[in-house]
Amino acid sequence: MILVVGSNHDDVLFFESSLKDAHEESFLGRYHILIGSIGSTEVGVIQDVYTSFVSSTILMHLANKYVISSVINVGRASLVKGTLNIGDVLISEQTMFLDVDQISRDNNVLLGQIPSFPRLFSSSFEMINTASKSLDVVFDGHYDKGLILSSSFFRQNKEDIKNLEDDSYLSSLTNNIVLDGEYAGLALSSYLLDIPCISIKVIEARVGEYTSLDNYLSVLDKYTSLGKAIIYFIAEISRTDVKRM
């Protein structure tokens with residue numbers, strides 16, 4: 001099964017409507033997964049996944065119940081740094097937690113790093129390349145690759161991420177950096193389970209700016225084109241062996 005994960009119903013509506021012979025199953029008391037097929041591929045779609053704590057737990061639970069071959073996180077993100085505009089798309093190359101800080105306890109640990117784990121969790125090269133080709137075929141907007149910072153706290157104020165400017169590695173990056181609320185948790189569980197994982201997000205605002213109604217509607221308008229690209233992406237990764245790199 002390929003698992004598609006979004007924060008809310010808007011994020012996954014296109015994929016739900018694309019499923020054939022779908023049925024719903026409940027788990028962990030309040031969550032629901034819609035399982036069906038897209039082409040010849042079994043796909044599970046889940047929404048209401050807020051915070052990396054929840055996303056990590058959910059993926060570990062589902063991986064014990066189903067055979068999950070890969071994970072695709074969809075939805076929206078805020079731009080921290082880079083050249084992307086509202087409505088543009090970012091493909092995750094790497095992700096990092098913002099809710100983890102053990103620096104004062106361990107001199108070998110960096111900002112955002114869980115002790116004994118990588119600081120940055122990388123998407124597989126194959127998934128990045130295949131996602132890029134899929135967007136080239138279908139998506140008519142601008143997209144790029146970059147780093148996703150994940151915070152389980154809803155951040156809108158630039159002061160809340162000011163400590164990132166003091167990090168020499170992050171401040172040296174010239175590529176795009178965006179902020180979301182759930183992807184790092186998925187990447188952590190995928191790392192433990194050895195399941196390829198990627199996030200493909202639409203930029204809804206810059207950090208420190210609230211999303212206007214016009215921008216929100218613009219993002220939703222992009223969801224149809226992006227959904228078609230991800231359907232093509234699902235077909236491509238289903239017929240090839242995607243490995244973690």
Side-chain angles (χ1 to χ4, degrees), residues 2-20 22 34 36-49 70-80 82-93 95 123-148 175-183 186 196-207 209-240 242:
I2 293 176
L3 186 65
V4 177
V5 181
S7 291
N8 59 49
H9 194 223
D10 288 338
D11 296 342
V12 300
L13 181 59
F14 183 89
F15 305 102
E16 287 185 344
S17 63
S18 301
L19 291 176
K20 304 297 183 185
L34 192 65
S37 60
I38 295 178
S40 60
T41 304
E42 185 180 45
V43 176
V45 178
I46 181 172
Q47 59 177 298
D48 292 334
V49 180
S70 55
V71 177
I72 304 172
N73 175 221
V74 296
R76 292 164 286 164
S78 298
L79 184 66
V80 176
T83 59
L84 292 172
N85 296 311
I86 307 303
D88 289 344
V89 173
L90 179 125
I91 300 172
S92 65
E93 291 180 303
T95 187
S123 304
S124 74
F125 295 136
E126 287 92 342
M127 290 195 82
I128 293 171
N129 292 336
T130 305
S132 298
K133 292 176 182 177
S134 300
L135 289 176
D136 285 336
V137 170
V138 179
F139 190 59
D140 59 359
H142 180 69
Y143 74 91
D144 208 341
K145 298 180 284 291
L147 170 68
I148 295 181
N175 59 337
N176 299 289
I177 302 177
V178 304
L179 178 70
D180 83 344
E182 77 282 351
Y183 181 54
L186 292 171
C197 183
I198 198 168
S199 183
I200 304 176
K201 294 290 179 70
V202 182
I203 305 304
E204 65 172 344
R206 290 183 176 273
V207 171
E209 299 175 0
Y210 286 92
T211 306
S212 68
L213 178 59
D214 287 344
N215 285 346
Y216 179 70
L217 294 176
S218 174
V219 168
L220 292 185
D221 185 56
K222 294 290 184 181
Y223 272 6
T224 299
S225 297
L226 183 57
K228 292 176 181 178
I230 293 177
I231 294 295
Y232 184 79
F233 175 46
I234 288 172
E236 287 297 300
I237 61 177
S238 297
R239 68 182 184 84
T240 57
V242 178

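Quick caveat, the model's predicted, so the values are computed rather than measured.
Using a 4.5 Å heavy-atom threshold, the side chains of Leu84 and His142 count as touching. Looking at heavy atoms from C-beta onward, Pro196 lies out of side-chain contact with Glu126 at the 4.5 angstrom threshold. Side-chain contact check for Asp88 versus Asp144: every heavy-atom pair is 4.5 Å or farther apart. The shortest distance between side-chain heavy atoms of Phe233 and Leu135 does not fall below 4.5 Å. The shortest distance between side-chain heavy atoms of Phe14 and Val74 does not fall below 4.5 Å. Within the 4.5 Å cutoff, no side-chain heavy atoms of Gln47 are placed close to those of Asn8. Residues Ile128 and Glu93 form a side-chain contact, since some pair of their non-hydrogen atoms from C-beta on lies under 4.5 Å apart.
Note that CD1 of Ile46 and CD of Glu16 are 10.5 Å apart. Values are rounded to the nearest 0.5 Å. The distance from the CD1 atom of Ile237 to the OG1 atom of Thr41 is 8.0 Å, given to the nearest 0.5 Å. Between the CD1 atom of Ile2 and the CD1 atom of Ile230 there is a distance of 11.5 Å, given to the nearest 0.5 Å. To the nearest 0.5 Å, the span separating CZ on Arg206 from CG on Leu179 amounts to 13.5 Å. Rounding to the nearest 0.5 Å gives a distance of 8.5 Å between OG of Ser92 and CE of Met127. Taking OG from Ser212 and CD1 from Ile86, the interatomic distance works out to 8.0 Å, rounded to the nearest 0.5 Å.
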- Message: Would Arg76 and Asp11 count as a side-chain contact (heavy atoms from CB on, under 4.5 Å) here? Give the steps.
- Response: CA-CA 8 Å; Arg76 292 164 286 164; Asp11 296 342; 3.8 Å; yes
- Query: Is there a side-chain contact (heavy atoms from CB on, under 4.5 Å) between Lys201 and Val178 once you walk through the steps?
  - Reply: CA-CA 9 Å; Lys201 294 290 179 70; Val178 304; 5.6 Å; no
- List the steps and the verdict of side-chain contact (heavy atoms from CB on, under 4.5 Å) for Leu19 and Ile38. CA-CA 5 Å; Leu19 291 176; Ile38 295 178; 3.7 Å; yes
- Message: Please evaluate residues Tyr232 and Lys133 with respect to the criterion side-chain contact (heavy atoms from CB on, under 4.5 Å), reporting the C-alpha separation (whole Å), side-chain torsions for both, the decisive distance (0.1 Å), and the verdict.
- Response: CA-CA 9 Å; Tyr232 184 79; Lys133 292 176 182 177; 5.7 Å; no
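Atom OH of Tyr223 has more than 12 heavy atoms from other residues, nucleotides or ligands within 6.0 Å.
Of the candidates Ile231, Ile72, Ile234, Ile234 is the only one forming a side chain to side chain contact (heavy atoms under 4.5 Å, CB included) with Val43. Exactly one residue among Leu90, Leu147, Ile91 makes a side chain to side chain contact (heavy atoms under 4.5 Å, CB included) with Asn176. That residue is Leu90. The only option from Val219, Val138, Asp221, Val89 that meets the side chain to side chain contact (heavy atoms under 4.5 Å, CB included) definition with Leu226 turns out to be Val89.
Put simply, the side chain of Ser218 never gets that close to the backbone of Asp214: no donor and acceptor are under 3.5 Å apart.
Minimum interatomic distance between Gly146 and Asn175 (heavy atoms only, all atoms of both residues): CA-ND2, 3.8 Å. Across all non-hydrogen atoms, the minimal contact from Val71 to Val5 is CG1-CG2, 4.2 Å. Of all heavy-atom pairs between Ser123 and Tyr183, the closest is OG-OH, 3.5 Å.
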